[in-house]
2 protein chains.
Amino acid sequence: MLIAEVSEKFNLTPDTLRYYERIGLIPRVNRNKSGIRDYTEQDCKWVEFIKCMRGIGLPVEILIEYVELYQQGDSTLDSRKELLIDQRKQLAARMEEMQKVLVRMDGKITRYEQTILEKEKGLSRAK
Amino acid sequence: MLIAEVSEKFNLTPDTLRYYERIGLIPRVNRNKSGIRDYTEQDCKWVEFIKCMRGIGLPVEILIEYVELYQQGDSTLDSRKELLIDQRKQLAARMEEMQKVLVRMDGKITRYEQTILEKEKGLSRAK
DNA sequence: GCTTGACTTGGAGTTAACTCCAAGAGGTAG
DNA sequence: CTACCTCTTGGAGTTAACTCCAAGTCAAGC
């Protein structure tokens, strides 16, 4: 699969795909005889995984670490598991924070609605 | 309240507090006769609100807009409500996305645990 | 009256994560 | 064979959100 297709498929620019590879956010992609990237099924899975994790704000630095561990093989299974557990925990914490803010916003919105209603009432009475 | 105390209270550096004020992320804080910031209770509430909203990643740009609307008075009640509703919606969407990733991570972690267990079994049998 | 320390301002520097660009090469259409 | 298109690389530029800095002011202590 050529870079343009992968770009299309995952809605990431070719520049971003090359950048991800450059910094080790995805393993190196093989080139054909004329030096052009040819993404395997595996490569695409990595791209999808990384896009998904970046999408929720997981930092590039952590993901690079994960890819590095992966490339070192089975000896890093434990570290990779720990890394995931740690990130899962942080994710859950962020979600809790967001949940609180969501509730707070709901309260604020309700209060705005009331204030606006009262304004209108005041106006119609004054008519 | 002096900037140092506000900084302490909300765990934001004085530089960040000044920056927030400069860009209009919080309304202008009054200065005493010698030009030094003196935060009122109201100012502190703004700081807390902004810190909370920034904490979950609400962009500075949007918050500036909110503050601007606020400063224009009651005529912007509707716009402020709409802004909040819009941000609330986006927040909920982000949380859904995160929820999916959380589940995905859990699956990955479980699979790592299984793989590791199997490795161990294999080893002990080989002993 | 001079030093010290916390504050002021405007402006420059930093970091993360892209995003763009210039120079060059390979394959294909005319 | 030449033009054109898409790819390559290394490196420079951009954006958001701070974070740091230099030069100056002012009140308090000695």
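The sequence lines fix the lettering, A, B, ..., with proteins before strands; numbering per chain opens at 1. Values below: every heavy atom of this structure, side chains too, minus hydrogens, waters and symmetry copies.
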**Student:** Would you say Arg37(B) places a side-chain N or O within less than 4.0 Å of OP1 or OP2 belonging to dT9(C)?
**Tutor:**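 Arg37(B) to dT9(C) OP1/OP2: side-chain N or O found under 4.0 Å.
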
**Student:** May I have the distance from Lys33(A) (atom NZ) to dG26(C) (atom P), rounded to whole angstrom?
**Tutor:**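 In whole Å, dG26(C) P and Lys33(A) NZ are 14 Å from each other.
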
**Student:** 5'-most contact on DNA chain C: Asp38(B) or Leu58(A), nearest heavy atom basis?
**Tutor:**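 Taking each residue's closest nucleotide, the earlier one in sequence belongs to Asp38(B).
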
**Student:** Starting the side chain at C-beta, find the nucleotide from dC21(C), dG26(C), dC20(D) nearest to Asp15(B).
**Tutor:**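 Nearest to the side-chain atoms of Asp15(B), counting from C-beta on, is dC20(D).
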
**Student:** Could you state the atom-to-atom distance from CD of Glu61(A) to C1' of dA16(C) in whole Å?
**Tutor:**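 Between C1' of dA16(C) and CD of Glu61(A): 10 Å.
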
**Student:** In this structure, how many angstroms lie between the C1' atom of dG5(C) and the CD1 atom of Ile36(B), rounded?
**Tutor:**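 Checked: the CD1 to C1' distance equals 11 Å.
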
**Student:** Could you give the distance from CG (Leu83(A)) to CG (Asp78(A)), rounded to the nearest 0.5 Å?
**Tutor:**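 It is 12.0 Å, given to the nearest 0.5 Å.
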
**Student:** May I ask you to evaluate whether Thr16(B) reaches the phosphate of dC18(D), defined as a side-chain N or O under 4.0 Å from OP1 or OP2?
**Tutor:**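 Negative; the distance criterion is not met.
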
**Student:** What's the CE-P distance between Met53(B) and dA16(D), to the nearest Å?
**Tutor:**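 Taking CE of Met53(B) and P of dA16(D), I get 21 Å after rounding.
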
**Student:** When you measure from the side chain of Pro59(B), which nucleotide among dC7(D), dT9(C), dA17(D) comes out closest?
**Tutor:**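 Nearest to the side-chain atoms of Pro59(B), counting from C-beta on, is dA17(D).
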
**Student:** Rounded to whole angstrom units, what separation is found between the CG atom of Leu17(B) and the P atom of dC7(C)?
**Tutor:**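 Interatomic distance, CG of Leu17(B) to P of dC7(C): 11 Å.
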
**Student:** Keeping Arg31(B) on the side-chain end and Val29(B) on the backbone end, is there a donor-acceptor pair under 3.5 Å?
**Tutor:**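 Side chain of Arg31(B) to backbone of Val29(B), a donor-acceptor pair under 3.5 Å: yes, one is there.
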
**Student:** Quick one: does Arg111(A)'s side chain have a donor or acceptor within less than 3.5 Å of a partner on Thr115(A)'s backbone?
**Tutor:**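 A pair under 3.5 Å: no.
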
**Student:** According to the interplanar angle, ranging from 0 to 90°, do the rings of Phe49(B) and Tyr66(B) count as parallel (below 30°), tilted (30 to 60°) or perpendicular (above 60°)?
**Tutor:**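 Taking Tyr66(B) first and then Phe49(B), their aromatic rings sit tilted (interplane angle of 30° to 60°).
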
**Student:** Rounded to whole angstrom units, what separation is found between the CD1 atom of Ile56(B) and the P atom of dA17(D)?
**Tutor:**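 For the pair Ile56(B) CD1 and dA17(D) P, the rounded distance is 13 Å.
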
**Student:** Would one find a side-chain N or O of Arg31(B) under 4.0 angstrom from OP1 or OP2 of dT9(C)?
**Tutor:**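 So the side-chain polar atoms of Arg31(B) do come within 4.0 Å of the phosphate oxygens OP1 or OP2 of dT9(C), strictly under.
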
**Student:** Has Glu8(A) got more than 12 heavy atoms of other residues, nucleotides or ligands less than 6.0 Å from its CD?
**Tutor:**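 Count not over threshold, so no.
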
**Student:** Check whether the side chains of Ser79(A) and Thr76(A) place a donor and an acceptor atom closer than 3.5 Å, and report yes or no.
**Tutor:**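 No - no donor-acceptor pair under 3.5 Å links their side chains.
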
**Student:** Take atom CG of Leu2(A) and atom P of dG26(C), then tell me their distance rounded to the nearest Å.
**Tutor:**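 That distance rounds to 17 Å.
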
**Student:** Distance check needed: dC7(C) P versus Glu8(B) CD, whole Å only.
**Tutor:**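 Between P of dC7(C) and CD of Glu8(B): 12 Å.
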
**Student:** Which of these nucleotides, dC20(C), dC18(D), dG26(C), is closest to any side-chain atom of Arg54(B)?
**Tutor:**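 It is dC18(D).
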
**Student:** To the side chain of Ala4(B), which of dC7(C), dC21(D), dC7(D) is closest?
**Tutor:**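 Shortest atom-to-atom distance from the side chain points to dC7(C).
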
**Student:** Whether Arg18(A) contacts dT8(D) is assessed here as follows: a side-chain N or O lying under 4.0 Å from the phosphate OP1 or OP2. Is that the case?
**Tutor:**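 Affirmative; the distance criterion is met.
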
**Student:** Under 4.0 Å, heavy atom to any atom of DNA chain C: which of residues 19-29 of chain A qualify?
**Tutor:**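 Listed by number, they are Tyr19(A), Tyr20(A), Arg22(A).
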
**Student:** Is it true that the side chains of Asp15(B) and Thr13(B) contain a donor and an acceptor less than 3.5 Å apart?
**Tutor:**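 No, because no side-chain N or O of Asp15(B) sits under 3.5 Å from a partner of the opposite role on Thr13(B).
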
